[in-house]
Amino acid sequence: MAGHGAEQHPHGADRLCEAGDRVYSRAVRRGRVPRRDAEPVPCLLELALLHPDPDDMDWLVPTSPQEVMTRLLRGMYDEVSANQRRVGSAVAAVEWYAGLGRQVRPAPSAGEGSAIRVLDGLARIQAAMDEATEACTTEVLTVQPGGIRREAELSEGLHRALALRGRGVRMRDLYTHVARHGQGLLTYLEIMGDAVEARTLDEVIDRLILFDRTVAFVPANSDRTMALELRHPALVAYLVTVFERLWRLAIPLTAPLPDTGIEGISHREQSIAALLAEGHQDAVIAERLGISVRTCRAHIARLSETLGAASRTQLGVRIAQAGLDGPPRATASPTLSGPARESRTAR
């Protein structure tokens, strides 16, 4: 229908236009709608929310809301995975260029010497962090991988956090879901009050700290005894974009983790199942989810028992049959039913 193309419906299935919402809701309630009802909203056909009834082409039937939800969650999962890969590539490239910079010392020009600085040793890292904290006036964004935060780690940076709070600086922290089970983090958040907002994800990228969207700190080696201080506007802007996308997908610490919709399988076990389906080893899965290898294997054993698998090969088959080989979903698999809620320990 002329004049009603996709250019007038610049949205996805996650945010329907008002007319599309009405027609799709009516189709779900009634089971189908006349094709003429959907002519003013071609977005519903373009987004595959409506499709022709094979028994009568003059009618359109809706895609089930459960299938739409699964499609949206898979899209978000793919976006997070792509962002994580891009960040990993960017950090690797930065490390490579930093290594070249240590071998050849060019004459200073155009401020390049301060755009990327290698901080060698914990004392230098601490000093640079203190300097950035003192200069910060509006916002701190952090990504904290590694599962449960030890109280010693939180206490180490508490003086900086309290100084920021005293100046009215807003802080947002991203953790893995496992961090919800640590009393140290809950105590830290109670001390900081409304100055800090925390959210969690199944997986996060490596450690990242951003001050006022002008300077970022990332690890430069595996044991974190070296760090990169980044002040290049393009690099910092890229890292801010990655953080904001992860933040939108994360779950507030004050909210419970979503049900898996599968009896006997927790949210964490659903994440482990998806990583097993991707072919990852136990140690890799444990590191990505911020848990110990021993805990990871205990969850795998429970998965095997729940799904009735006698071997790892059979477990892979059962994971696929149960629909657990993709991202966590909000609906139940057709082969298993019943709600299962992971215990909530966060405040």
Side-chain angles (χ1 to χ4, degrees), residues 66-67 69-89 143-148 174-182 200-206 222 246 249-251 256-345:
Q66 291 79 9
E67 183 177 341
M69 290 166 59
T70 298
R71 189 191 309 164
L72 288 173
L73 289 171
R74 183 174 293 276
M76 289 190 295
Y77 175 85
D78 291 343
E79 182 180 353
V80 170
S81 298
N83 281 334
Q84 290 174 331
R85 288 192 296 270
R86 285 197 293 269
V87 169
S89 298
V143 178
Q144 304 288 0
I148 293 177
L174 272 172
Y175 302 91
T176 60
H177 290 325
V178 178
R180 292 168 171 257
H181 305 287
T200 64
L201 282 165
D202 285 316
E203 302 176 54
V204 296
I205 57 176
D206 207 345
S222 59
L246 291 173
L249 297 175
I251 300 172
L257 296 180
D259 291 341
T260 65
I262 303 177
E263 185 177 0
I265 295 179
S266 70
H267 186 93
R268 188 185 302 176
E269 287 160 0
Q270 190 173 15
S271 301
I272 290 172
L275 292 171
L276 282 171
E278 291 178 11
H280 297 295
Q281 299 298 316
D282 297 359
V284 174
I285 295 173
E287 181 180 2
R288 289 178 62 168
L289 298 184
I291 58 179
S292 69
V293 175
R294 181 178 178 179
T295 299
C296 178
R297 287 172 178 163
H299 283 294
I300 293 173
R302 281 196 289 271
L303 265 174
S304 298
E305 182 180 355
T306 302
L307 297 176
S311 66
R312 283 294 182 98
T313 301
Q314 190 177 29
L315 177 59
V317 174
R318 295 293 170 83
I319 285 173
Q321 290 174 338
L324 295 171
D325 53 343
R329 301 172 183 173
T331 57
S333 165
T335 58
L336 297 172
S337 62
R341 183 179 298 275
E342 183 172 299
S343 62
R344 176 188 179 188
T345 60

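Note that the structure is a prediction, hence the values are computed from the model and not measured.
To the nearest 0.5 Å, atom CD of residue Gln281 and atom SG of residue Cys296 are 10.5 Å apart. Atom CG of Asp202 sits about 11.0 Å away from atom CG of Leu249, to the nearest 0.5 Å. Of the inter-residue distances, the one linking Ile285 atom CD1 with Glu203 atom CD reads 9.5 Å to the nearest 0.5 angstrom. Taking CG from Leu174 and CD from Gln144, the interatomic distance works out to 9.5 Å, rounded to the nearest 0.5 Å.
Residues Arg180 and Ile251 have side chains in contact (heavy-atom distance under 4.5 Å, counting atoms from C-beta outward).
Every side chain to side chain contact (heavy atoms under 4.5 Å, CB included) that Arg312 has, sequence neighbours left out, goes to Leu276, Asp282, Ile300, Leu315. Ser89 meets the side chain to side chain contact (heavy atoms under 4.5 Å, CB included) test with no other residue; sequence neighbours excluded. Scored by the side chain to side chain contact (heavy atoms under 4.5 Å, CB included) test, Gln314 finds Ala309, Ala310, Ser311, Arg318 as partners (sequence neighbours excluded).
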Checklist entry - Does the pair Ile205 and Leu246 meet the rule for a side-chain contact (heavy atoms from CB on, under 4.5 Å), with working shown? => result CA-CA 9 Å; Ile205 57 176; Leu246 291 173; 4.2 Å; yes
